2 protein chains.
Amino acid sequence: MATLKDVSKASGFSVTTVSRALNGYDDVNKETRDKIMRIAKELGYSPNILARSLVKKQSKTIGFLVTDLKRESVKDNFMFETLCGVSDELSELDYEFVLLSTTTSKQKNKTYGQMCAERQLDGVVIQGLKRDDPYLLEAIESTVPCVLVDIPVEGINTGYVTSNQLESAKQAVRYLIRLGHRHIAFMNGAPHAYVSTVRYDAYRQVLHENGIDLNDEYVLNGDFEEAAAKNVSLPFLLNHPEVTAAFCASDVMALGVLQATRELGLNVPEDLSIIGFDNILLSQYVSPPLTTVGQQPYEMGKKAAKMVVSIVEGKDVPHEAFVNNQLILRESVTKNRR
Amino acid sequence: MATLKDVSKASGFSVTTVSRALNGYDDVNKETRDKIMRIAKELGYSPNILARSLVKKQSKTIGFLVTDLKRESVKDNFMFETLCGVSDELSELDYEFVLLSTTTSKQKNKTYGQMCAERQLDGVVIQGLKRDDPYLLEAIESTVPCVLVDIPVEGINTGYVTSNQLESAKQAVRYLIRLGHRHIAFMNGAPHAYVSTVRYDAYRQVLHENGIDLNDEYVLNGDFEEAAAKNVSLPFLLNHPEVTAAFCASDVMALGVLQATRELGLNVPEDLSIIGFDNILLSQYVSPPLTTVGQQPYEMGKKAAKMVVSIVEGKDVPHEAFVNNQLILRESVTKNRR
DNA sequence: CTTGCTTTCCGAAACGTTTCGGGTATAAAA
DNA sequence: TTTTATACCCGAAACGTTTCGGAAAGCAAG
């Protein structure tokens with residue numbers, strides 16, 4: 001591989017001048033620069049990023065730290081999509097990008113700080129770590145900038161990007177109400193999970209703002225599982241024929257409800273409108289395709305990457321960002337005709 | 001960050017000795033080593049990989065080059081799974097891992113060689129590039145080792161890992177025959193595609209080895225599309241009630257056949273056994289869940305990573321590897337009872 | 001006493017950059 | 001003429017490692 005020195009020799013200029021020419025400094029003659037450029041190209045010179053990083057004390061690389069990059073996470077397009085976002089944005093900003101997984105054997109031996117130090121990471125974006133992961137705590141304390149996706153923790157070198165969980169859930173319920181539904185069931189997941197409470201709040205608030213009394217019997221618990229959701233909704237739908245719509249805290253539970261309707265001979269959306277949450281891959285293939293509120297992990301990844309780079313470069317930017325969840329209209333919801 | 005020099009000062013030994021102690025050379029006294037180790041730990045020293053790579057002329061990082069790391073590829077769990085495999089294996093082998101995407105704006109400016117040179121990549125694994133992608137050609141020519149997944153090209157610094165396409169397809173057909181099916185339809189995709197020909201060959205050969213005459217009317221063309229498969233199989237199933245099983249060259253086409261049976265009032269698998277190919281996500285959710293032959297991208301990723309590291313380290317290993325596709329038994333196939 | 005072998009250590013160069021602090025012309029101003 | 005400014009260039013040090021080629025000290029053998 002051609003080095004600066006090679007170009008220097010071939011061109012007759014000093015290493016310094018070659019470097020400055022190639023880096024666009026203005027204290028080099030146009031002719032010299034052209035000549036150097038030409039020769040550099042001829043020799044197929046490309047700068048050694050390692051050497052550059054070493055002296056500049058910054059590597060222009062960002063780490064993407066995830067938990068459990070494993071086979072299991074395959075179904076979870078969420079992580080993959082954020083990854084894509086991060087990657088795209090970083091390559092646009094001309095940064096490198098390395099993938100760090102907390103499950104590697106290394107974690108036992110290495111602290112988060114060492115991980116960053118070794119590779120001279122300029123910053124890191126973190127996704128999907130458990131709230132009590134030691135790396136997470138270290139990251140927040142650390143001096144190397146990091147931004148978290150979907151974990152709202154702010155700090156001097158720390159930012160986060162998350163989505164408008166509450167607003168989007170409310171929007172979904174409002175949508176049902178606008179279509180004339182008054183008797184709306186809510187299929188909740190594990191009731192203590194963060195997202196569950198948020199979505200339940202949304203449900204409650206929108207009902208209230210529309211003057212609809214909350215009926216405790218209408219809130220079910222499907223435990224974020226398809227089978228459980230089906231089992232719990234079967235008797236419910238039998239006993240509550242007045243219910244015309246169901247808002248589900250996740251798509252998988254929505255699928256469970258869908259199955260229940262099928263077994264009862266009900267038609268979706270004519271007899272029951274169903275709206276899910278997550279926009280899982282399957283939701284658009286199922287019949288009828290599921291109306292759902294989808295997050296935009298790709299966008300979150302992009303924003304996270306952008307933010308971390310901004311922090312790295314010392315720009316004064318807000319350390320929080322939001323991306324809007326979107327209500328994705330498909331065919332499992334219709335007007336209430338009763 | 002603590003450097004070697006810091007440890008040197010704090011311990012009273014030279015930088016050389018510190019380096020050698022930490023790297024396990026045997027020309028350093030046990031006591032000295034212990035002391036140095038202790039102090040290094042106290043100072044939180046961790047080696048600067050960049051500096052090390054610079055002098056050792058090898059970065060211990062492998063690139064994973066994919067085409068089109070974009071939102072669209074999200075559906076394609078294939079790429080993600082290989083990525084996981086590569087990542088897992090590399091972290092086990094103590095290599096770093098950077099993600100390279102060919103669609104970045106950079107590709108216009110940078111050759112493949114430059115990409116590798118800049119980051120001092122030791123090797124790269126390549127997945128999903130079109131056969132005529134300029135990067136692919138460069139990669140094969142290049143002196144930096146690379147291994148391709150699912151692109152059988154062998155070279156001095158090049159290896160590949162692929163799956164036993166033919167064998168696994170044959171296995172699928174054999175499975176049907178073992179269950180007593182004699183009249184087996186074959187739903188082919190675009191007939192000139194590589195995989196199509198392989199799967200067709202499998203079908204033909206297994207029929208032949210079981211003394212079943214090939215009936216040209218039994219091979220259909222569904223063009224790898226659900227709708228096309230359905231349309232072509234509707235009249236076929238009507239005209240050929242003797243057919244008890246269908247082998248489809250892709251899951252989506254299998255879904256099309258499934259639809260056709262539904263419209264005809266046939267039951268799967270009682271009236272028609274169906275076997276697909278690809279193990280798409282949907283295949284396990286559809287009703288009945290689809291028996292299919294699935295590839296193992298995670299394993300391919302692992303093997304590819306392992307191979308490229310072996311080549312990098314100059315080990316004499318075979319430059320090709322295979323991972324077995326697996327017949328995934330679900331509920332769309334049963335014994336022939338006629 | 002000299003020689004040679006171990007053991008333990010270290011100085012200095014090297015890797016490929018960037019950058020600080022100049023230097024040398026040439027032209028313009030005094 | 002001398003000073004000052006400008007345009008262009010360069011030497012050398014620095015970044016944090018690794019490694020080559022010794023060197024000093026201790027000890028055994030001749």
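Order of the sequence lines sets the chain letters (A, B, ...), proteins ahead of strands, with each chain counted from 1. Bear in mind that the values here come from a model prediction, so they are computed numbers and not experimental data.
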Q. Does A:K57 make a side-chain N or O approach to OP1 or OP2 of D:dG16 shorter than 4.0 Å?
A. yes

Q.
Expressed as a whole number of angstroms, how long is the span from A:F13:CZ to C:dT24:P?
A. 18 Å

(Q) Under the criterion side-chain hydrogen bond (donor to acceptor under 3.5 Å, both in side chains), I'd like the reasoning laid out for B:E320 against B:Y160: C-alpha separation, chi angles, the key distance, then a yes or no. (A) CA-CA 5 Å; B:E320 56 177 5; B:Y160 64 88; 2.5 Å; yes

(Q) Under 4.0 Å, heavy atoms only, any strand: does B:T16 hit a base, just the sugar-phosphate, or nothing? (A) base

**Q.** A:L4 CG - D:dA13 C1' separation (whole Å)
**A.** 16 Å

Q) Could you state the CD-C1' distance from B:Q58 to C:dG16, rounded to the nearest angstrom? A) 16 Å

Q: Please state whether the rings of A:F64 and A:F97 are parallel, tilted or perpendicular, taking 30° and 60° as the class boundaries.
A: tilted

Q) Are A:T17 and D:dC10 close enough that a side-chain N or O sits under 4.0 Å from OP1 or OP2? A) yes

Q) Phosphate oxygens OP1/OP2 of C:dC9: is one of them under 4.0 Å from a side-chain N or O of B:T32? A) yes

Q) Going through the checks in order, is the side-chain hydrogen bond (donor to acceptor under 3.5 Å, both in side chains) test met by B:Q120 and B:S53? A) CA-CA 8 Å; B:Q120 301 275 108; B:S53 301; over 6 Å; no

Q) Could you state the NZ-P distance from A:K9 to C:dT17, rounded to the nearest angstrom? A) 13 Å

Q) Does a nitrogen or oxygen in the side chain of B:Y25 sit under 4.0 Å from OP1 or OP2 of C:dT8? A) no

Q. Rounded to the Å, how far apart are A:K60 NZ and C:dT17 C1'?
A. 15 Å

**Q.** Rounded interatomic separation in angstrom, taking CG from B:L22 and C1' from C:dC10
**A.** 16 Å

Q. Between A:D27 and A:R20, is the closest basic N to carboxylate O distance under 4.0 Å?
A. yes

Q: Assign A:S53 to base, sugar-phosphate, or nothing according to its heavy-atom contacts below 4.0 angstrom with the strands shown.
A: nothing

Q) Within less than 4.0 Å of OP1 or OP2 of D:dC9, is there a side-chain N or O belonging to A:S14? A) no

Q.
Considering every strand and a 4.0 Å limit on heavy-atom distances, what is the contact class for A:S8: base, sugar-phosphate, or nothing?
A. nothing

Q.
Using a 4.0 Å heavy-atom cut-off, does B:D27 contact any base of the nucleic acid, only the sugar-phosphate backbone, or nothing at all?
A. base

Q | N or O in side chain of B:N23 less than 4.0 angstrom from D:dT18 OP1/OP2 | A | yes

Q. Relative to the 5' end of DNA chain C, which residue comes earlier, B:K56 or B:R33, by the nucleotide with the nearest heavy atom?
A. B:R33

Q.
Using the side-chain heavy atoms of A:L54, tell me which of these nucleotides is nearest: D:dG16, C:dT18, D:dT18.
A. D:dG16

Q. Of the nucleotides C:dT17, D:dT17, C:dG16, which has the atom closest to the A:R52 side chain?
A. C:dT17

Q: Rounded off to whole Å, could you give me the CG-to-P distance for the A:D6 and C:dG16 pair?
A: 8 Å

**Q.** Interatomic distance where NZ belongs to A:K35 and P belongs to D:dC9 [whole Å]
**A.** 10 Å

(Q) Under 4.0 Å between a side-chain nitrogen and a carboxylate oxygen: does that hold for A:D34 and A:R38? (A) no

Q.
Using 30° and 60° as the class boundaries, would you call the ring planes of A:Y112 and A:Y135 parallel, tilted or perpendicular?
A. perpendicular

